[in-house]
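A quick note: this is a predicted structure, and the numbers were derived from the prediction, not measured. Below, chains carry the letters A, B, ... as their sequence lines are ordered, and counting in each starts from 1.
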Amino acid sequence: MKDKLTQRLLAALAQAQTDGALPQLTPPAIVLERPRQPEHGELACNLALQLAKPCRMNPRGVAQAILERLGDAGGILQKAEIAGPGFINFHIQPGAWLAVLPQILQEGPDYGRASLGAGKKALVEFVSANPTGPLHVGHGRGAALGDVLARLLRFVGYEVHSEYYINDAGNQMATLGRSLLVRARQLGGSGEEFPDNHYRGEYMRDLAAEYLAMPSQAAVLDMPPDLAVPLAAAWAGDKILQGIKDDLGAFAVGIDTWFSERSLVEKGAVQAAFDELRDRGLLYESEGALWFKATAFGDEKDRVVKRGNGEITYFASDIAYHLDKFRRGYGMLVDVWGADHHGYVPRLKAAMSGLDHPAQDLNIVLVQMVNLLRGGQPVAMSTRAGEFVTLKEVVDEVGSDSARFIFLTRRSEAPLDFDLEVAKQKSMDNPVFYVQYAHTRVKSVLKKAGEAGVPLPDPASANLSPLVLPEEIALARLLGDYPEMVLGAAQNLEPHRVTYYLHELAGAFHSYYNSHHILFEDPPVTTARLVLALAVGAVLAGGLTLLGVSAPEAM
RNA sequence: GCGCCCGUAGCUCAGUGGAUAGAGCGCCGGACUACGAAUCCGUAGGCCGCAAGUUCGAAUCUUGCCGGGCGCACCA
């Protein structure tokens, strides 16, 4: 609808210029908005306000010149009027909104698909937690966000892959190995203290017990630390990573590539990145360390890439890693990070800029913490003691659908309250059930229609003119908004727009359903309303699919 | 001290420079003898943290304050 009207407006504007009623100017982007006040029509345009100044005319005069040449815009306009300071308000023929219904039913799951990405390759990296312990709820939020971002970008035309970066090269792996060995020796009765700053979670005891149970591995305990620690670390890391893969799988999160930091180091990628930076004069030595000139690209201080003791920093391998992503042909990178890493953003962008990859090609989405509640009361979690609620526990308790949807009900930068009791409820309090219930209602109507022998309409030829109620036109308008909403969510990397939209659509349908009957009306009315209900069901299903949430037939 | 994020109804939060700022929860009061009441309808509730500025127009952009969170490593 907006597209149609935009075309007509541009044509009318051009005509006005040819006629000499308006000066020759390149027109601004046409912005059509939904006014809040019904008396202001269904769409409004500020074109005349924008043109008034460059044309040196008063806005209402500009509007008049355009309107005179717009006519009824090919039959879609009921009336158009100039209002306020110079808004043009459009009253659309109610029936014109209904044209989207057969389109939705014809396109089905593809309704809303776009070609914004034009096949450009995009890589979405998320979670990327160290394989030193199971994923917790915070990781779950990042996982839901990253997974849906990947789905959204794919839907609007990018070639998308998802990736998990495994931090398996740093000294935290050695810490993991030592943690396992100490726990194993304790089980053997060594009576030693558990060292500070090691992984003291309960899962380490379980791992240690499993480790000891394997005779071939138990021999490692007698080896000197230099040999034992890497072996123990590798074993524990693999074990924990497998658990992470299982947990993400149960959470309907698909990861295309598991990318090992160690592999990057081993193939010399970090050295290669150093060489490139050095060639550009962006590295220098000072105080025994090697520094990157981050200040040359907007960071507030220069950053160490190789320490005085010869070890590379995490930052160094991250430069190599992101360079590798670009080298693999991805023109758009999306990283999902915990918000506590936000101070790290400028330096990575600086490094990429220094290597000729514009900062805007590296999109970093920051995700805030999750406050876990049960019945309104905070659930105690202590990372220090290694006691946290895992993603698996949450998914097991409330289900993947509920957890995913609720994780996406807030902007990622805003902290999220996640109440386990609410997430389990089957009521209005729980937005995912509210939306899924709307979908099952559509399915239920169809089932009933089948039982009652009511024929299903052919969307292509059905007569929709019986749809005259304001609620019906409003539903059609809302359905027509879906493609634009999806595009906006993808462009701005904001999946929460989808959850909000679905909640609104579900609400509009629930309300309609409660006050009007779809079946058992005059046959032409029933036919038309079935088309509307089918379209609502299709869009609800499409939106839920984008979120990786099921659209059940019955609940 | 410096930087980033946030400040919108009692609570949790939407709101890509537009007209009289929205939703859910909570409170109170209503609606099933036809498609699922896991729903719906109604009432009440606001100096959009404060103050300047930008312009036809600001919750939105700029600056300065106030308040909260998080960062400020040769950790990851």
Side-chain angles (χ1 to χ4, degrees), chain A residues 31 33 35-37 39-40 44-46 48-50 52-53 58-59 83-87 89 130 132 167 169-173 175 197 261 286-291 299-301 303-315 317-318 338-346 366 368-369 376 409-411 413-417 419 422 425-431 433-434 436-438 440-449 451-452 454 484 488-489 491-492 494 496-497 499-501 503-504 506-507 509-521 526 529-530 533 554-555:
Chain A
V31 180
E33 297 191 328
R36 274 192 283 268
Q37 306 305 316
E39 57 268 31
H40 292 149
C45 182
N46 63 357
L49 289 166
Q50 292 180 299
K53 189 169 245 183
N58 81 63
F87 289 105
N89 292 335
N130 298 341
T132 55
N167 295 127
N171 52 28
Q172 77 278 8
M173 289 306 287
T175 306
N197 302 323
E261 179 187 6
S286 174
E287 303 164 50
L290 193 60
W291 297 71
D299 199 2
E300 54 187 40
K301 57 198 319 194
R303 306 293 178 175
V304 171
V305 290
K306 188 190 258 184
R307 296 191 264 160
N309 64 7
E311 288 179 25
I312 60 164
T313 60
Y314 178 84
F315 179 44
S317 51
D318 230 10
D340 53 344
H341 289 74
H342 69 257
Y344 196 79
V345 173
L366 299 173
Q368 272 288 359
M369 62 183 302
T409 52
R410 294 281 177 271
R411 277 185 356 272
E413 319 90 83
L416 171 73
D417 289 340
D419 195 309
V422 172
Q425 273 173 30
K426 301 183 174 182
S427 74
M428 272 273 286
D429 299 353
N430 186 351
F433 278 95
Y434 186 76
Q436 286 180 320
Y437 181 49
T440 65
R441 271 187 154 169
V442 171
K443 293 297 178 185
S444 174
V445 168
L446 295 178
K447 188 170 160 224
K448 194 77 180 181
E451 290 167 3
V454 176
E484 191 180 340
Q491 279 176 312
N492 295 284
E494 292 181 348
H496 73 275
R497 298 187 188 204
T499 56
Y500 272 90
Y501 172 86
H503 196 268
E504 187 181 357
F509 181 71
H510 282 313
S511 174
Y512 175 64
Y513 179 93
N514 251 275
S515 49
H516 304 287
H517 288 282
I518 294 165
L519 304 176
F520 314 123
E521 298 287 338
T526 287
R529 289 183 177 176
L530 275 172
M555 297 167 67

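A donor-acceptor contact shorter than 3.5 Å links the side chain of A:His510 to the backbone of A:Tyr434. In this structure, A:Gln172 contributes its side chain and A:Asn167 its backbone to a donor-acceptor pair below 3.5 Å. Using a distance-only test at 3.5 Å, with no hydrogens or angles considered, a donor-acceptor pair links the side chain of A:Asn492 to the main chain of A:Gly488. In this structure, A:Asn430 contributes its side chain and A:Val422 its backbone to a donor-acceptor pair below 3.5 Å. Side-chain atoms of A:Asp299 never come within 3.5 Å of backbone atoms of A:Pro346 as a donor-acceptor pair (strictly under, hydrogens ignored). A donor-acceptor pair under 3.5 Å is absent between the side-chain atoms of A:Thr313 and the main chain of A:Lys306, judged by distance alone.
At the heavy-atom level, A:Asp429 lies under 4.0 Å from the strands shown only through sugar-phosphate atoms. At the heavy-atom level, A:Tyr344 lies under 4.0 Å from base atoms of the strands shown. Contacts of A:Asn130 with the nucleic acid, taken as non-hydrogen atoms under 4.0 Å apart, involve only primed sugar atoms and P, OP1 or OP2. Using a 4.0 Å heavy-atom cutoff across all strands shown, A:Gly488 reaches no nucleic acid atom at all. Residue contacts shown for A:Tyr314 include a base, since a base heavy atom lies under 4.0 Å away. At a threshold of 4.0 angstrom between heavy atoms, the contacts of A:Ala438 with the nucleic acid are absent. Contacts of A:Gln368 with the nucleic acid, taken as non-hydrogen atoms under 4.0 Å apart, are absent. Within the nucleic acid shown, A:Ser427 comes within 4.0 Å of sugar-phosphate atoms alone, with no base atom in reach, counting heavy atoms only. Within the nucleic acid shown, A:Ala449 has no heavy atom closer than 4.0 Å to any nucleic acid atom. Residue contacts shown for A:His341 include a base, since a base heavy atom lies under 4.0 Å away. Using a 4.0 Å heavy-atom cutoff across all strands shown, A:His510 reaches sugar-phosphate atoms only and no base atom. At the heavy-atom level, A:Pro431 lies nowhere under 4.0 Å from the strands shown.
For the pair A:Gln425 CD and B:U39 C1', the interatomic distance rounds to 15 Å; values are reported in whole Å. Here the C1' atom of nucleotide B:A34 and the CZ atom of A:Arg529 are 13 Å apart, to the nearest Å. Between the NZ atom of A:Lys443 and the C1' atom of B:C35 there is a distance of 15 Å, given to the nearest Å. Atom CZ of A:Arg410 is separated from atom C1' of B:A14 by 9 Å (rounded to the nearest Å). Counting to the nearest Å, the C1' atom of B:G18 and the CG atom of A:Asn89 are 11 Å from each other. If you take CG of A:Asp340 and P of B:C6, they are 16 Å apart, rounded to a whole angstrom. B:C25 atom P lies 15 Å from atom CG of A:Asp419, rounded to whole Å. As rounded to whole Å, 13 Å separates atom P of B:U12 from atom OH of A:Tyr500.
In this structure, B:G22 forms a base pair with B:C13, meeting either the Watson-Crick or the G-U wobble geometry with both donor-acceptor distances under 3.5 Å. Nucleotide B:G1 is matched to B:C72 when pairs are restricted to Watson-Crick or G-U wobble geometry with both distances under 3.5 angstrom.
A stacking contact between A:His342 and B:G71 is absent: the pair does not combine a ring-centre distance of less than 5.5 Å to the base's six-membered ring with planes differing by less than 30°. Between the side-chain ring of A:Tyr513 and the base of B:C35, a stacking contact exists by the 5.5 Å and 30° definition. A:Phe87 qualifies as a stacking partner of the B:A19 base, centre to centre under 5.5 Å and near-parallel within 30°.
Here B:A73 is the nucleotide among B:C35, B:U16, B:A73 with the atom lying nearest to any side-chain atom of A:Lys301. Set against B:C35, B:G15, B:C75, the side chain of A:Val445 has B:C35 as its closest nucleotide. Nearest to the side chain of A:Glu300, among B:G3, B:A73, B:U16, sits B:G3. Across B:A76, B:A19, B:G15, the shortest atom-to-atom separation from the side chain of A:His40 is found for B:A19. Nearest nucleotide to the A:Trp291 side chain, out of B:A14, B:G3, B:C74: B:C74. Checked against B:U16, B:C35, B:C74, the side chain of A:Phe520 finds its nearest nucleotide in B:C35. Side chain of A:Leu49, nearest nucleotide from B:C72, B:G18, B:C40: B:G18. You'll find that the side chain of A:Ala414 is closest to B:A14, out of B:A14, B:U39, B:A19.
Where A:Gly288 and A:Thr409 meet RNA chain B, the nucleotide closest to each residue was compared, and A:Thr409 sits on the side nearer the 5' end. Comparing A:Glu33 and A:Met369 by the nucleotide of RNA chain B whose heavy atom lies nearest to each, the residue mapping closer to the 5' end is A:Glu33.
Annotation for A:Asn197: atom CG does not count as buried by contact number, only 12 or fewer foreign heavy atoms lying within 6.0 Å.
The shortest distance between the side-chain N/O atoms of A:Ser511 and the OP1/OP2 oxygens of B:C41 is below 4.0 Å.
To the nearest whole angstrom, the two C1' atoms, one in B:G15 and one in B:A58, are 13 Å apart. Atom name P, nucleotides B:C47 and B:C2: the rounded distance is 32 Å, in whole Å.
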